[in-house]
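Before any comments, here is the structure.
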Amino acid sequence: MAVLGSKFSTASSLFFVPNQFTQQLKAAEAVVPLYELRQQKKLLESQLISSLDGCNNLLQIKQVHANVIRKGLDQCCYVLTKLIRVLTKINVPMDPYPRLVFEQVKYKNPFLWTALIRGYFLQGSLRESISLYGSMRREGIGPVSFTFSALFKACSEVLDVCLGRQLHAQTILVGGFASDLYVGNTMIDMYVRCGSLDCGRKVFDEMPERDVISWTELIVAYAKKGDMKSASRLFDGLPLKDKVAWTAMVTGYTQNAKPREAIEYFESMQNSGIETDEVTLVGVISACAQLGAVKYANWIRDIAERSGFGPINNVVVGSALIDMYSKCGAIEDAYRVFEGMKERNVFSYSSMILGLAMHGRAHAAIQLFHDMVKTETKPNRVTFIGVLTACSHVGLVEQGRQLFASMEKCYGIAPSADHYACMVDLLSRAGCLEEALELAQTMPMEPHGGVWGAILGACQIHRNPDIAQLAANHLFELEPHAIGNYILLSNIYASVGRWNNVLRVRKLMKEKGLKKNPGCSWMEGKKGEIHEFLAGDLTHPRSIEIKQALQDLLDRLRANGYQPNLSSVPYDVSDEEKNRILMTHSEKLALAFGVLTTSAGCTIRIMKNLRICEDCHLFMCGASEIIGREIVVRDNMRFHHFREGICSCGNFW
DNA sequence: ATAGGGTTAG
């Protein structure tokens, strides 16, 4: 090949020596079979590599290795590098097997060296790894930037920032590598993954040359830390913004609970002519899920479908859409997406199960779980959270116990504190407060806020101020600033008329400088605009009409047997005053507005920032019957579908 | 070959 190459390697041979032209042709003919041979070898290599990719045990790898030797590729660094990497992946000790593979190659390239160095490193033989790095240098092979990239990658995998720093020093010592773009980028990534964002930033600032990857790495790091200000400042300075960088911003805002900004960035991204892919879509879909607005939900779904990443063929987009529609209150749409998907994985099932549970369709959720385990998709910890939540919302204590027991026995999943929290929730809601308390006190790990919070919540349903105080004591330690716990405890005391205790809790809140969140409800208008209602607030332009509509509703409800639940007012005031306060609750204002502005037969959808109170719940039940409409309320916990006087939660929330 | 992604309960 080298001989042939030299024969027509210069232009002069072609143009100035005519009698060589025929030689050229002959040479070309000779090249063709060689070329084919090369293609064949390439094909063979890639076949062997993909079969190595499919290996997950030593025996399979050894078979492929035998095949490699039979085909005469026992000196091919490309394939053997892969072999060593696969052996590393399944944790085969570097000595002796991978080491032997390495030794048998006469001309080792830097990739092969690096594979072995990385292998030793990942298996904890740091010294061997460093000494190999020394031998490599003595043999005059590198290091190449790739070696450092691999080593930094290894550092970030084992989160060893100390060694990372030493290697960083090496890159400067050896000379030149600290300014290499690849090395720099992997260094940034290493520091960032190890939690040293500032060091990553320093590397970035000192790099003589940066590319969009360097920028994006840092943007993501700032976003993950919750510092969107720094992230967006960097992004603004980025000269060439590509798809990944834009997506990092969209997703960053989503992950920091800023859905409107995420959607804004997505729109600017589209306006800049950057194409959308599935990763971007997933970020925006999550943002729409947080917004909870059906209008946006349909908007992004359309975009997904038009861009060729629709839910039918794309399992990730599909799963995100299921979650989004559930959180927008459109559980039917969520189910239609689920049904239409060609492929479903554990995310799709878990999202659907959680969605059904959130909407009070517990039996459907449990049924879906049983359907799921008949398929090849194995449930994971999140799936169990979903199905246990479902049990708890309909009070299926026995079924919940069985499922909980089956986690470890049938699926090899050790219950986590969160799963215990579900069980405690299930028991305490069902009225077994003592048993729930005992489980919280005997569970194998320290109970977290979720566990005590479940008990506290159930104490309101079952009017048990003593256990409530006990749970609250734990909560005040674990979450001293979570205002909801204080309010809940005070409401529990209020509901049984222990006003002294109510005052004590209020005083505690005051001492800690905690202020009650005002209740707030909102509705999506016909054009997608948001109408917001604060408790007791009459600043809406149509508040006179709203007040009148609410009064009409109240009169009709009373005529139908509704009696206001006065214990929902946590103040020690007259019954008359209690009656008045109840009618200022924000969800009632929103309901009256909904009655005024939507046409008959149309579902009224209300969102609320706090948990719906008992009286409003009762009121909604009655209203759904009287006006003959479905009312959907999303409170901070879950969805309530009120239809013909009955709520999907079975008065159990 | 170094950058971006979906489900979590009170």
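Within every chain, numbering begins at 1; the chains are lettered A, B, ... in the order of the sequence lines, protein sequences first and strands thereafter.
Other residues, nucleotides and ligands contribute over 12 non-hydrogen atoms within 6.0 Å of the CD atom of E206(A). The environment of CD in E446(A) is sparse: at most 12 heavy-atom neighbours from other residues, nucleotides or ligands sit within 6.0 Å.
As a whole-Å value, the separation of R85(A) CZ from dA1(B) C1' is 10 Å. Note: CG (L218(A)) to P (dT2(B)) measures 18 Å, nearest angstrom. The CG-C1' distance, from L181(A) to dA3(B), rounds to 12 Å in whole Å. Atom pair L356(A):CG and dA9(B):P shows a separation of 15 Å (rounding to whole Å applied). Going from atom OH of Y349(A) over to atom P of dG6(B) covers 22 Å, rounded to whole Å. Rounded to an integer number of Å, the gap from CG of N636(A) to P of dG10(B) is 9 Å. Regarding I492(A), its CD1 atom lies at a distance of 12 Å from the C1' atom of dG10(B), rounded to whole Å. The distance from atom CZ of F111(A) to atom P of dT2(B) is 10 Å, rounded to the nearest whole Å.
Of all nucleotides listed (dG5(B), dT7(B), dG10(B)), dG5(B) comes nearest to the side chain of V316(A). Set against dT7(B), dA3(B), dG10(B), the side chain of R611(A) has dG10(B) as its closest nucleotide. Comparing atom distances between the R381(A) side chain and each of dT8(B), dG10(B), dG5(B) picks out dT8(B) as nearest. The listed nucleotides are dG6(B), dA9(B), dT2(B); the one nearest the side chain of N185(A) is dT2(B). Closest to the H393(A) side chain, of the nucleotides dA3(B), dG10(B), dA1(B), is dG10(B). Nearest nucleotide to the D189(A) side chain, out of dA3(B), dG10(B), dG5(B): dA3(B). The side chain of F146(A) lies closest to dA1(B) when the candidates are dA1(B), dG6(B), dG4(B). Distances were taken from every side-chain heavy atom of V282(A) (C-beta onward) to each of dG10(B), dG5(B), dA9(B); the shortest belongs to dG5(B).
No donor-acceptor contact under 3.5 angstrom links the side chains of H168(A) and T171(A), judged on distance only. Side-chain polar atoms of Q367(A) and D371(A) form a donor-acceptor pair below 3.5 angstrom. Using modelled atom types and a 3.5 Å distance limit, the side chains of D211(A) and S214(A) yield a donor-acceptor pair.
Taking the ring centre of Y411(A) as origin, the terminal cationic atom of K378(A) falls outside the region bounded by 6.0 Å and 45° from the ring axis.
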Pair F384(A), F369(A) - check ring-ring contact (aromatic ring centres under 6.0 Å, His included), show working. CA-CA 9 Å; F384(A) 276 100; F369(A) 175 81; 5.4 Å; yes
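Residue Q255(A) places no side-chain N or O under 4.0 Å from the OP1 or OP2 atom of dG4(B). Proximity of R429(A) to the phosphate of dG10(B): a side-chain N or O atom is located under 4.0 Å from OP1 or OP2. Taking only side-chain nitrogens and oxygens, K327(A) never comes nearer than 4.0 Å to OP1 or OP2 of dG6(B). Listed pair R193(A) / dA3(B) meets the phosphate criterion, a side-chain N or O lying under 4.0 Å from OP1 or OP2.
Here S319(A) lies in heavy-atom contact (under 4.0 Å) with a base. V315(A) comes within 4.0 angstrom of a nucleotide base, judged by non-hydrogen atoms across all strands. Residue V382(A) is classed as a base contact, given a heavy-atom separation below 4.0 Å to a base. Residue-level contact check: G449(A) touches the bases, meaning some heavy atom is under 4.0 Å from a base atom. Among the protein residues, D418(A) comes within range of the nucleic acid bases, having at least one heavy atom under 4.0 Å from a base atom. Across all strands shown, T280(A) has heavy atoms under 4.0 Å from base atoms, whether or not it also approaches the sugar-phosphate. In this structure, N345(A) reaches the bases: a heavy-atom distance under 4.0 Å links it to at least one base atom across the strands shown. I455(A) comes within 4.0 angstrom of no nucleic acid atom, judged by non-hydrogen atoms across all strands. Nucleic acid contact class of L354(A) (heavy atoms, under 4.0 Å, all strands): sugar-phosphate only. Contacts of G450(A) with the nucleic acid, taken as non-hydrogen atoms under 4.0 Å apart, include base atoms. In this structure, M352(A) reaches neither bases nor backbone, as no heavy-atom distance under 4.0 Å exists between it and the strands shown.
Side-chain to base pairing of E278(A) with dG6(B): no donor and acceptor N or O lie closer than 3.5 Å to each other. Not a single donor-acceptor contact under 3.5 angstrom links the side-chain atoms of S351(A) to the base of dT7(B).
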